[in-house]
Amino acid sequence: LFRSRAAAAGDTPEVRAELHHALRLGLLIAFTGCGAAAVLAPWLIPLFFSGAFSGGIALMIAYMPGELCFQFLVVLTAYQLTISRRRRYLSWTLGYVVLLSAIAVVAIPSFGALGFVGAHIAASALMLAVAVATCWRSAQLRPSLVALAAALIATLAAVSAGLLYLNGQ
């Protein structure tokens, strides 16, 4: 009964195989973009803004691991729409917005822009954990993809921490 309902909703082994390839590619593209933004932040900020925004370099570097979590969350969330899991789509989207808002309301008055960066990282990571756990229980994710995501997020976090250390932030 559950398999026929899943198949009717478009959630078949073939769709899951395509999902795996799309998620892997999306994750690698997001990692490349976020990693490039973190590494190139000292040149991107002055290029697109001005030298007056040089204080934003550290914020941009710190922001990128959270952005990678958010990008992976967006891809997982969008997939839920394709298989008619609208409640998951809505709950994960609202969950991110509510968490971001709640943490930001507390953190921004004390930490300023860094408070927003922390709020984004926390909200993205928490909602990604919820989404991955839910997709894992539904057998929508392969172990290799979860391991790749964890490794890429950890790598970007380590690179960002190293860049912040090297930049004296």
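Values reported hereafter were calculated over all heavy atoms of this structure, with side chains retained and with hydrogens, waters and symmetry mates removed. Note that the coordinates shown come from a computational prediction; the quantities given were computed from them, not determined experimentally.
Put simply, V74 and V97 are part of the same group of oily side chains (I, L, V, M, F, W, Y) that touch within less than 4.5 Å, one to the next. By the rule that hydrophobic residues join a cluster once side-chain heavy atoms approach within less than 4.5 Å of another member, L23 and W136 end up as members of one cluster. Under the 4.5 Å side-chain heavy-atom criterion for ILVMFWY residues, a single connected hydrophobic cluster contains both V117 and L40. Taking hydrophobic clusters as Ile, Leu, Val, Met, Phe, Trp and Tyr residues chained together by side-chain heavy-atom distances below 4.5 Å, L28 shares a cluster with L141.
Not counting sequence neighbours, F72 has no partner by the ring-ring contact (aromatic ring centres under 6.0 Å, His included) test. H20 meets the side-chain contact (heavy atoms from CB on, under 4.5 Å) test with R24, R142, S144, L145; sequence neighbours excluded. With sequence neighbours left out, the ring-ring contact (aromatic ring centres under 6.0 Å, His included) criterion links F53 to F49. With sequence neighbours left out, the side-chain hydrogen bond (donor to acceptor under 3.5 Å, both in side chains) criterion links E67 to Q71, H120.
Judged by distance alone, the side chain of T82 and the main-chain N or O of Y79 form a donor-acceptor pair under 3.5 Å.
Rounded to the nearest 0.5 angstrom, R85 CZ and T134 OG1 are separated by 11.0 Å. In this structure, L99 CG and S124 OG are separated by 9.5 Å, a value rounded to the nearest 0.5 Å. Atom CE of residue M60 and atom CG of residue L44 lie 5.0 Å apart, to the nearest 0.5 angstrom.
Here the closest heavy-atom approach between residue A113 and residue L59 is recorded as CB-CD1, 3.5 Å. Scanning both residues, L19 and Q140, for their nearest heavy atoms gives CD2-O, 3.3 Å. Nearest heavy-atom pair, M64 versus C34, reported as atom, atom and distance to 0.1 Å: CG-O, 3.4 Å. When all heavy atoms of L68 and F31 are compared, the closest pair comes out as CD1-N, 3.5 Å. Counting all heavy atoms, side chain and backbone alike, L164 lies closest to A62 at CD1-CB, 4.1 Å. Residues I57 and A41 share a closest heavy-atom pair of CG1-O, 3.8 Å.
Two residues are said to be in side-chain contact when any heavy atoms from C-beta on lie closer than 4.5 Å; R88 and S138 meet this criterion.
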Distance-only check: which donor-acceptor pairs under 3.5 Å involve side-chain atoms of residues 147-161, not counting sequence neighbours?
residue	atom	partner	partner atom	Å
T155	OG1	A151	O	2.7
S160	OG	I61	O	3.2
S160	OG	L156	O	3.0

N/O donor-acceptor pairs under 3.5 Å from side chains in residues 125-133, not counting sequence neighbours:
none

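Membership of the apolar cluster around Y89 extends to L81, as traced through chained side-chain contacts below 4.5 Å between ILVMFWY residues. Counting Ile, Leu, Val, Met, Phe, Trp and Tyr side chains that sit under 4.5 Å apart, directly or through other members, V106 stands alone, with no cluster partners. Counting Ile, Leu, Val, Met, Phe, Trp and Tyr side chains that sit under 4.5 Å apart, directly or through other members, L94 shares a hydrophobic cluster with L90.
Residues in residues 25-53 take part in no side chain to side chain donor-acceptor pair (under 3.5 Å) pair, two or more places apart or across chains.
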